[in-house]
Amino acid sequence: MSDAVRYIPLDARGWRLAMGLRPLEESKWIEVDAHRDEELALKTALLADQRDVVVATRPEGDEASAELLEEIVGNLRTYHPSLPHEVDPEEHPIVAASRLVQEDLCVLVRSDQWRLVAASVCFPSRWSLAEKIGTTMDEIHVPVPDYDDELSQPTNALFERLKPERSFWRLNWTLLDSPLLHQPIATRTSPSGRLEDWSFRVERQTLRRLSRTGAIVFTIRTYVESLDVLCRSDEDFSANLLHALDTAPPSMQRYKGWLGVHDHLRSILSS
Ligand code: HEM
């Protein structure tokens, strides 16, 4: 369907807020594609120019970040042996790890609760890392409508029982009025105008418990494709997208910046 987006998490039954966890094989933890060089170059530029925006660390995350780096190097050696895995030993391990893969990386450590204590996020989907560092899962998700009632309890329970030998992945998607990977500003404007200017953005997220430090690693791999390309390539895509936009509750439409998008999109597609 699209070279750029590997996953289309739309469901003919309409919008659903769900954890949607699936078991993750170790060999599929890291995903590599043709955009690797370009995305790693973008990371290098962001790490040089906007380090405070794309990296945040607390001392309590240092040991777990070092373990994460070892895990990533080991994973690349085993499952992607042709890729480089040399690192600069002077660099913070989460930054060194982040330079090796297209994924964004987050480390959570349990103190009073699970807290985000180290992260390298070059490709945020309209949220600010500086605002989230040090906070709990519930605090991170405050802007997400219905998270509190529907996802908080199962997500916190999952974190308590996550085992190193059983990892998971899940998908999130949205529509944005920009194809840029680096979007650190939390605006909620709705896409309008031409279909070519809209992007379908998918995040493949993984959750793993590290065995030595017991920390939890959350990875985010972001895929972006022009909505025009996707709508032209598949009729089911357009129908499922319209249905999802139509069935998402108004609070979610506001949060995602989707208000009015359904009608606008339908009129474009039918013209
Ligand atoms: C099973 C685990 C998790 C679930 C079910 C979950 C669920 C969600 C959902 C439904 C959203 C709304 C985004 C959208 O639909 O576009 C969201 C946003 C977000 N999630 Fe999670 N999430 C999980 C784990 C995490 C973890 C471990 C982090 C750690 C960094 C995280 C960070 C965020 C952030 C930063 C946002 C954006 C919040 C904002 O708009 O300010 N999530 N999450």
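We count ligands from 1, going down the list as the structure has it; atoms in each ligand are counted the same way.
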State the atoms of ligand 1, each with its element, that fall below the 4.0 Å cut-off from a heavy-atom position in [X].
X	result
Leu207	1 (C), 2 (C)
Lys256	14 (C), 15 (O), 16 (O)
Arg170	4 (C), 5 (C), 6 (C), 7 (C)
Phe159	27 (C)

Provide, to 0.1 Å, the distance between [atom] and the closest protein heavy atom, together with that atom's residue and name.
atom	result
atom 3 (C) of ligand 1	Thr155 CG2, 4.1 Å
atom 10 (C) of ligand 1	Leu17 CD1, 3.6 Å
atom 13 (C) of ligand 1	Asn172 ND2, 3.4 Å
atom 29 (C) of ligand 1	Phe218 CD2, 3.6 Å
atom 30 (C) of ligand 1	Cys106 SG, 3.7 Å
atom 22 (N) of ligand 1	His141 NE2, 2.9 Å
atom 41 (O) of ligand 1	Lys132 NZ, 2.8 Å
atom 39 (C) of ligand 1	Tyr255 OH, 3.4 Å

Regarding ligand 1, does Trp173 bring an N or O atom to under 3.5 Å of one of the ligand's N or O atoms?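 No, there is no polar N/O contact under 3.5 Å.
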
Working note: Ile30 + His80, criterion side-chain contact (heavy atoms from CB on, under 4.5 Å); need CA distance, chi angles, decisive distance, verdict. CA-CA 9 Å; Ile30 305 298; His80 307 277; 4.0 Å; yes

Protein contact for atom 36 (C) of ligand 1 (heavy atom, distance under 4.0 Å): no

Distance under 6.0 Å and angle within 45° of ring axis: Arg204 vs Trp169: yes

Tell me, please: is Pro143 in heavy-atom contact with ligand 1, that is, under 4.0 Å? yes

Could you walk me through whether Trp258 and His264 satisfy the ring pair (Phe, Tyr, Trp, His ring centres under 6.0 Å) test, starting with their C-alpha distance in whole Å, then the side-chain angles of each, then the deciding distance to 0.1 Å, before giving a yes or no? CA-CA 10 Å; Trp258 291 348; His264 188 69; over 10 Å; no

